[in-house]
Amino acid sequence: MSGKRYTIRMVELKDIPVVMDINRKCLPENYTESFFIQHYKKFPKAFLVAEVDGKVVGYIMCRVEHGFSNFKFALTKKGHVISIAVLPEYRRIGIGYNLMIKGMEALKEYGATEVYLEVRVSNYPAIHLYEKLNYTIVNRIHGYYADGEDAYVMARQL
Ligand code: ACO
Ligand code: ZN
């Protein structure tokens, strides 16, 4: 797969069923169609897909929230990476990394000063990806997931 060329672009309404399919194949955390559409409508620049030969093989969906900073005692605009996934056959060629970079650029354009996400404590590939992007673990939420697994909250400044 290392010779594959991919492009990253904003999601379109027609991509939502494919995005939902990738989400179901790659993650136990699934969402309704209206949840995806809400994010597409509200934060289109931070909902991106990766394409190989005209086929959508990965996505990142983010939003902006107002809340307490993970870095200082203040309210701020925080980017939240809700979900990212790349189909197994297209992993380890940089797609996830570049989706994150472009997603963070978009969050910054929306005024976010920092970004955070939740990740299963056992999800080594994803944790490694976020560490490579200079995220640090700022919290651990016990029993965050439906099956009882803990989440790390990882964050970085933008
Ligand atoms: N083992 C160790 N490190 C890994 C692995 C792995 N299997 N996969 C990625 N990484 C790290 C490495 O540091 C890698 O850099 P390197 O290849 O130079 O060593 C870096 O991530 C970038 O890798 P990419 O090729 O850009 O990542 P990829 O396109 O493979 O996507 C992703 C990574 C999205 C985590 C993918 O493995 C995936 O879809 N996993 C299943 C879904 C998932 O777990 N999503 C994240 C849930 S948390 C959330 O959504 C907020
Ligand atoms: Zn615990």
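In listed order, ligands and their atoms are each counted from 1. These numbers come from a predicted model, not from an experiment.
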My understanding is that we take every heavy atom of each candidate and find the minimum distance to [atom]. Doing that for [options], which one comes out nearest?
atom: atom 28 (P) of ligand 1; options: G58, G96, C26, P28; result: G96
atom: atom 13 (O) of ligand 1; options: H128, K25, H80; result: H128
atom: atom 36 (C) of ligand 1; options: E29, R91, R92; result: R91

Whether Y130 lies under 4.0 Å from ligand 1, heavy atom:
yes
Compute the minimum heavy-atom distance from E131 to ligand 1 and say whether it is under 4.0 Å.
no
What residue and heavy atom of the protein are closest to [atom], and at what distance?
atom: atom 50 (O) of ligand 1; answer: I84 N, 3.1 Å
atom: atom 10 (N) of ligand 1; answer: P125 O, 3.6 Å
atom: atom 39 (O) of ligand 1; answer: V86 N, 2.8 Å
atom: atom 26 (O) of ligand 1; answer: Y97 N, 2.8 Å
atom: atom 16 (P) of ligand 1; answer: K132 NZ, 3.4 Å
atom: atom 22 (C) of ligand 1; answer: L129 CD1, 3.6 Å

For the residue pair F36 and F47, does the interplanar ring angle fall in the parallel (under 30°), tilted (30 to 60°) or perpendicular (over 60°) class?
tilted
How are the rings of H39 and F43 set relative to one another: parallel (under 30°), tilted (30 to 60°) or perpendicular (over 60°)?
tilted
Looking at atom 47 (C) of ligand 1, would you say a protein heavy atom lies below 4.0 Å from it?
yes
Consider every N or O of [X] and every N or O of ligand 1, then say whether any pair is closer than 3.5 Å.
X: V119; result: no
X: N123; result: yes
X: Y90; result: no

Check this for me, if you would: do [X] and [Y] make a salt bridge, where the nitrogen-to-carboxylate-oxygen distance has to be below 4.0 angstrom?
X: E29; Y: R120; answer: yes
X: D53; Y: K4; answer: yes
X: E65; Y: K77; answer: no

Between N139, V119, L117, which is the residue that forms a side chain to side chain contact (heavy atoms under 4.5 Å, CB included) with V153?
N139
N/O donor-acceptor pair under 3.5 Å between [X] side chain and [Y] backbone:
X: R63; Y: G79; value: no
X: E149; Y: S122; value: yes
X: K78; Y: F68; value: yes

Is the shortest heavy-atom distance from the side chain of V138 to the side chain of Y116 under 4.5 Å?
no
So if I count the atoms of ligand 1 from 1 in the order they appear, which ones are less than 4.0 Å from some heavy atom of [X]?
X: A85; result: 39 (O)
X: S83; result: 50 (O)
X: V81; result: 51 (C)
X: I93; result: 25 (O)
X: E118; result: 48 (S), 49 (C), 51 (C)
X: I95; result: 26 (O), 29 (O)
X: G94; result: 24 (P), 25 (O), 26 (O)

Can you tell me if [X] and [Y] form a side-chain donor-acceptor pair at under 3.5 Å?
X: Y40; Y: D15; answer: no
X: E114; Y: S69; answer: yes
X: S83; Y: Y59; answer: yes
X: N98; Y: Y6; answer: yes

Can you tell which part of L27 has a heavy atom less than 4.0 Å from ligand 1: side chain, backbone, both or neither?
side chain
